[in-house]
2 protein chains.
Amino acid sequence: MARIVDVAALAGVSTATVSRVLNGKPVRADLEAAVRRAVDELGYSPNRTARSLRRQHSEVLALVLPDIENPFFTSLARGVEDVAQESGLSVVLCNTDEDPDKQEQYLQIAEDENMVGVILAPAGRSPLLARLVERDRAVVIVDRAVPDDVDQVTFDNLELGRRATQSLIDRGYTRIACVTGPEETPTAVARAQAWRETLESAGLPAPDDLLVHANFRVDGGQSAMTELLELSSPPDAVLATNNLVGVGALRVLAATERGDVGLGIIGDLPFVTSSVDNVSLLQLRPREMGLTAARMLVERIRGDAGPARRVVQPTLPVTLGSPGT
Amino acid sequence: MARIVDVAALAGVSTATVSRVLNGKPVRADLEAAVRRAVDELGYSPNRTARSLRRQHSEVLALVLPDIENPFFTSLARGVEDVAQESGLSVVLCNTDEDPDKQEQYLQIAEDENMVGVILAPAGRSPLLARLVERDRAVVIVDRAVPDDVDQVTFDNLELGRRATQSLIDRGYTRIACVTGPEETPTAVARAQAWRETLESAGLPAPDDLLVHANFRVDGGQSAMTELLELSSPPDAVLATNNLVGVGALRVLAATERGDVGLGIIGDLPFVTSSVDNVSLLQLRPREMGLTAARMLVERIRGDAGPARRVVQPTLPVTLGSPGT
DNA sequence: TTGTACGCGTTATCAC
DNA sequence: GTGATAACGCGTACAA
């Protein structure tokens, strides 16, 4: 592989001049031309490892996500990637599997590799995160709020829970259950809390047996839904607080032909195949969240040193039966 | 951040000894203990950029995929990641968007960052790939075969096309259409070719207007399906040669309530919500493909210098109505 | 403006 | 088995 000294030799200049040309610093026109010619001729491109070592940071950002197979997060990743691409950054996608230990590993790697920044959808508390923040590394938190003093892009989960629940109430259901995620997941807890409050405000019952904490995946939604339908006094409608739980719920309803049971879903269903004319859908726009987070990160990288910002994504109105595109 | 010299100083040894301890080379027991104590005390972890520069390769592998939002590829990615994790490697996920230029960019980055290896699902021809192979970099191709002399893990696309088509024939359909991907995508072409051959062997018609080249995404499947249903002599069954096209087709059938139209899908439907009892499904096991590819890559990294291997994933039997888990 | 020379943090070579 | 030191390839003071 050609190195900077080769280019310098061929162009008849010093390595410093080559470096300056490559980094857009002022250089006499004829020398610059000679350098560019040499670069082309050798097919030279700078060794990014050496550059990172010297600059103390790479052109790579870490995107640390709890579940890379969830379309919510891949959409978010797509948004991050598009902004990164524009800004000349590459993205390392890391899958924590909701495991705080894996998360720490990846954050450690991000630091050891001198990555330029981190976008993190946190799974549990992270001591390392606090350290990164303290050292002024560029960090943006997405989806799940943390107490730390960092840039964050989140949803208004209470509002999401309220709107989705209210939509089911408005549609005339009176015994509305809720399937949400694990108690460790703050978004799951907040949405469920909103479900309870909204029902109670409407004078409807919100008994404990109508609230199921499942995992936030398809199988969780399926088993929770099955369980609910088998209650002695089953619900006439169900709120699924994330996309995959919603898929699981839809599957059970399709399999048992219980089209009479109302359904509300917080989240997008990119690959849904059944008709959902009858489902209250609350879209989240994860791609926008990724775009926003990445733009905030890029600003920080560019040197913005303002106080930590907390951006709350606007809550969309509930729609009936328009699945995510 | 603590550096290796700090550890050496605290432990009262040279940096060389610290390095040896960290890399599992023989060191006197008491010195080793001192080093480990110092490492713990300082919370030291080696700077991977410096290590990469010195070793001429990093601990990162590039996984270059055409569409990160397609569950087929995220599943594959998941498989790769699991093996990588075991082997102490991190994965950089790169999305080419089916764009050969982006693909070249990412391969160039992989080289410039001294990444230890590349797993690539190719979009179009790649001159850079040839160079990587020539220089004996660890490379494994997945999903779409290339002529180059590289390790490859692919499907038997002809066999897939045959089995899926035959299943529809066996179910009694006689006018069977095919929705496949772009002509640039070799898997799409091969599966369509098998469709044609299988129909002709069975004495059934395979006219050109029953073969639609769509994009390999949901909207492609939707518009192709709509188009087919509007033909003056429409098909009584349709073969969708990938998962997303299959989703698009299912959506159209659900929306138009054309349950009478037979459907065969090559690929898994992780998030399908409708009942698919009536659909011929041919699962592909992308996760296994990822596992296999990553294992092959790791072997190469470990020094295996044998001739290029071409692994063909076993073709599974067609099933009726068991969506991917 | 240009060139020289050092340093980024680690590993590997070489003497001891 | 251990320690000093020279690389790895680049960017940037500093001197010219």
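Residue numbers begin at 1 in each chain, while the letters A, B, ... track the order of the sequences. Note: hydrogens, waters and symmetry copies are ignored here, and every other heavy atom, side chains too, is used.
Between B/N47 and B/R3 there is no side-chain heavy-atom pair separated by less than 4.5 Å. For the pair A/E288/A/Q313, a side-chain contact is recorded, criterion being any heavy-atom separation below 4.5 Å from C-beta on.
Side-chain N/O atoms of A/K25 include none lying less than 4.0 angstrom from OP1 or OP2 on C/dT1. OP1 or OP2 of C/dT10 lies within a sub-4.0 Å distance of a side-chain N or O belonging to B/Y44. Distances shown here put every side-chain N or O of B/Q56 at or beyond 4.0 Å from the OP1 or OP2 atom of C/dT11.
In this structure, A/R55 places its CZ atom 9 Å from C1' of D/dC10, rounding to the nearest Å. With rounding to whole Å, B/I4 atom CD1 is found 14 Å from C/dC8 atom P. If you measure from atom CG of B/D112 to atom P of D/dC8, you get 18 Å, rounded to the nearest angstrom. Rounded to whole angstrom, the span from the CZ atom of B/R48 across to the C1' atom of C/dT11 amounts to 15 Å.
For the helix from C/dT1-D/dA16 to C/dC16-D/dG1, the angle separating the two terminal helix axes comes to 40°, with each axis derived from five pairs and the value rounded to 10°.
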What nitrogen or oxygen pairs link the protein and nucleotides 2-6 of chain C at under 3.5 Å?
{"residue": "C/dT2", "atom": "OP1", "partner": "A/R28", "partner atom": "N", "Å": "3.4"}
{"residue": "C/dT2", "atom": "OP2", "partner": "A/R28", "partner atom": "N", "Å": "2.9"}
{"residue": "C/dG3", "atom": "OP2", "partner": "A/S14", "partner atom": "N", "Å": "3.1"}
{"residue": "C/dG3", "atom": "OP2", "partner": "A/S14", "partner atom": "OG", "Å": "3.2"}
{"residue": "C/dG3", "atom": "OP2", "partner": "A/T17", "partner atom": "OG1", "Å": "2.6"}
{"residue": "C/dG3", "atom": "N7", "partner": "A/R20", "partner atom": "NH2", "Å": "2.8"}

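Judged by distance alone, the side chain of B/N114 and the main-chain N or O of B/S58 form no donor-acceptor pair under 3.5 Å.
Nearest heavy-atom pair, A/M289 versus A/L76, reported as atom, atom and distance to 0.1 Å: SD-CD1, 3.9 Å. Closest approach of A/P307 and A/D151 over heavy atoms only: O-OD1, 4.3 Å.
Judged purely by distance below 3.5 Å, without hydrogens or angles, the side chains of A/E69 and B/S75 pair a donor atom with an acceptor atom. For the 3.5 Å distance criterion, the side chains of B/E104 and B/S126 qualify, holding a donor opposite an acceptor. Between B/S45 and A/D112, the side chains place a donor N or O and an acceptor N or O closer than 3.5 Å (distance only, hydrogens not considered).
The side chain of A/N47 sits closest to D/dC10 out of C/dG9, D/dC8, D/dC10.
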